[in-house]
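What follows is one structure encoded as structure tokens, with my remarks underneath.
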Amino acid sequence: MAGSVDLSKGLPSHPEKSTLEGKNKFLGFWIFLGGETIMFATFFGTFLGLREGTAGGPSAEELFSMPLVFIMTMLLLTSSLTSVLAMFSMKKNNFKNMLVLMIVTVLLGLGFLGFEIYEFVEYVHHGLGYTTSAFASSFYTLVGLHGAHVLFGLCWITTLIIRYSRSGITLTNAPKFYVASLYWHFIDVVWVFIFTVVYLMGIGGA
Amino acid sequence: MSDDLSKPFTKSSMSEEEIMKINKERKIQVTSFAFMIFLTILAFIAVATETIEVGFAIPFILLLAVVQFFLQMYYFMHLKDKDHGWPNAFIISGVVLSTPALIALILLLGVTKY
């Protein structure tokens with residue numbers, strides 16, 4: 001039931017919120033994001049509390065390389081922009097454009113994930129196992145949790161792209177794409193704090 | 001009515017005026033993205049250059065991160081738009097509850113010495 005929205009003129013200007021289901025998804029997803037904020041805060045707190053406990057293993061200053069983190073940050077920031085632009089295309093009923101931008105988002109996300117896997121493998125080679133020190137465990141748990149979110153987001157958006165590759169923008173899939181793009185922005189917000197608190201503060205030697 | 005919900009549309013119902021408004025908003029988003037890139041580069045430079053004191057660089061990059069947080073939340077995630085009262089409430093309560101959790105963890109773990 002489309003409610004009070006007039007569909008005869010074409011796609012409503014806010015397709016993600018023109019059905020009750022869409023409104024509920026939107027609201028529910030923001031509750032989830034509020035909860036995620038607190039969950040990530042606890043992991044950040046743990047890392048900040050434990051980051052000096054290197055127990056003789058490699059320290060942050062020895063391991064982290066600035067160019068790698070910089071590339072990863074740029075990849076994720078750009079993917080955030082493409083998913084924002086995808087939502088503008090969605091509102092204008094430009095389905096093909098939206099799909100292309102979503103695919104670019106996924107590709108940039110994949111690039112990010114690839115660099116992160118490479119990074120972790122490299123650290124293990126340098127003697128930073130998961131149980132090496134309190135710093136190691138809290139680092140891998142925090143950054144790995146973020147990486148798991150990226151992986152989940154990639155699977156989610158890819159599924160949406162495949163599932164709706166031929167359907168055009170409808171009142172059913174508009175809220176789904178919108179919520180997925182909100183999730184993707186949230187991942188980027190978390191990364192902003194990771195690169196600042198974990199990497200830059202680690203390299204800066206604070 | 002389920003047919004209506006899974007039916008694509010041939011056109012958008014947006015008026016000229018609405019399209020102009022959305023294009024303007026799009027421009028603002030791209031500008032804020034450029035600004036975010038600038039802030040990111042600034043943060044990296046602040047840490048990379050040896051001449052800037054650590055005592056200044058760390059609070060500075062934390063401030064940049066907070067600015068980016070607001071840009072992402074309010075522009076990219078549309079928190080500034082109307083009809084976003086509840087989302088604002090949820091995120092603000094998230095941040096308010098996170099603060100004591102964060103501080104407590106940092107202080108307590110620091111005291112117990114791993």
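Hydrogens, waters and symmetry mates are skipped; everything else that's a heavy atom, side chains included, is used. Every chain is numbered from 1, with letters handed out A, B, ... down the list of sequences.
- Separation of atoms CG (Asp83(B)) and CG (Leu27(A)) is listed at 11.0 Å; rounding is to 0.5 Å.
- Residue pairs meeting the side-chain hydrogen bond (donor to acceptor under 3.5 Å, both in side chains) criterion with at least one partner in residues 36-50 of chain A, sequence neighbours excluded, are Glu36(A)-His149(A).
- In this structure, Met20(B) places its CE atom where only 12 or fewer heavy-atom neighbours from other residues, nucleotides or ligands lie under 6.0 Å away.
- Phe9(B) is listed as a side-chain neighbour of Leu171(A), based on a closest heavy-atom distance under 4.5 Å.
- Here the side chains of Phe26(A) and Pro87(B) are in contact, with some heavy-atom distance below 4.5 Å.
- Interface residue Met74(A): only side-chain heavy atoms are found under 4.5 Å from chain B.
- At a 4.5 Å heavy-atom cutoff, the contact between Ser80(A) and chain B is made by backbone and side-chain atoms alike.
- Counting heavy atoms of neighbouring residues, nucleotides and ligands inside a 6.0 Å radius, atom NZ of Lys21(B) does not exceed 12 of them.
- Here the shortest heavy-atom pairing between Leu81(A) and Gln29(B) reads CD1-O, 4.5 Å.
- Counting only heavy atoms from C-beta outward, the side chains of Thr170(A) and Lys7(B) never approach each other to under 4.5 Å.
- The parts of Ala65(B) that come within reach of chain A are both its backbone and its side chain, each placing non-hydrogen atoms under 4.5 angstrom from that chain.
- Here Ile22(B) is the residue among Leu97(B), Ile22(B), Val95(B) with the most heavy-atom pairs under 4.5 Å with chain A.
- Contacts of Tyr199(A) with chain B are absent, with no heavy-atom separation under 4.5 Å from either backbone or side chain.
- Heavy atoms of Thr78(A) lying under 4.5 Å from chain B belong to its backbone as well as its side chain.
- Counting heavy atoms from C-beta on, the side chains of Phe186(A) and Met73(B) come closer than 4.5 Å.
- Take Glu122(A) and apply the salt bridge (charged side-chain N to carboxylate O under 4.0 Å, His left out) test, not counting sequence neighbours, and it matches no residue.
- The distance from atom CG of Leu200(A) to atom CD1 of Ile45(B), rounded to the nearest 0.5 Å, is 11.5 Å.
- For Ala48(B), the parts lying near chain A are the backbone and the side chain together; criterion is any non-hydrogen pair under 4.5 Å.
- Residue Glu21(A) qualifies as open at atom CD: its count of foreign heavy atoms under 6.0 Å is 12 or below.
- Screening Val189(A), Asp188(A), Val192(A) for a side chain to side chain contact (heavy atoms under 4.5 Å, CB included) with Gln68(B), the sole residue that qualifies is Val192(A).
- Using a 4.5 Å cut-off between heavy atoms, Val69(A) touches chain B through backbone and side chain atoms alike.
- Per-residue counts of heavy-atom pairs under 4.5 Å with chain B were compared for Gly10(A), Ser133(A), Ala174(A); the largest is that of Gly10(A).
- Nearest heavy-atom pair, Ile106(B) versus Gly45(A), reported as atom, atom and distance to 0.1 Å: CG1-O, 3.9 Å.
- Remark: aromatic rings of Tyr75(B) and His185(A) are distant, center separation not under 6.0 Å.
- The shortest distance between side-chain heavy atoms of Trp30(A) and Trp86(B) does not fall below 4.5 Å.
- A heavy-atom distance below 4.5 Å is not found between the side chains of Leu11(A) and Lys11(B).
- Across Leu63(B), Leu64(B), Thr40(B), Ile61(B), a single residue satisfies side chain to side chain contact (heavy atoms under 4.5 Å, CB included) together with Thr196(A), and that is Ile61(B).
- Residues of residues 84-101 of chain A lying under 4.5 angstrom from chain B, judged on non-hydrogen atoms, are Val84(A), Leu85(A), Phe88(A), Lys91(A), Lys92(A), Asn93(A) in numerical order.
- For Phe195(A) and Phe44(B), the ring centers are positioned less than 6.0 Å apart.
- Using a 4.5 Å cut-off between heavy atoms, Ser13(A) contacts chain B through both its backbone and its side chain.
- Rounding to the nearest 0.5 Å places NE2 of His78(B) at 4.5 Å from OH of Tyr178(A).
- For Asn23(B), the part sitting under 4.5 Å from any heavy atom of chain A is the side chain, from C-beta outward, and nothing else.
- Rounding to the nearest 0.5 Å gives a distance of 11.5 Å between OG of Ser98(B) and CZ of Phe40(A).
- Annotation: maximal heavy-atom pairing with chain A below 4.5 Å, among Ser13(B), Gly94(B), Pro8(B), occurs at Ser13(B).
- Among all heavy-atom pairs drawn from Phe33(B) and Leu77(A), the shortest one is CE1-O, 3.4 Å.
- Heavy-atom distances place both the backbone and the side chain of Leu33(A) under 4.5 Å from chain B.
- Residues satisfying the side-chain hydrogen bond (donor to acceptor under 3.5 Å, both in side chains) test with Thr141(A), not counting sequence neighbours, are Tyr130(A).
- Looking only at heavy-atom pairs under 4.5 Å with chain B, the residue among Gly168(A), Pro15(A), Ala41(A) that has the most is Ala41(A).
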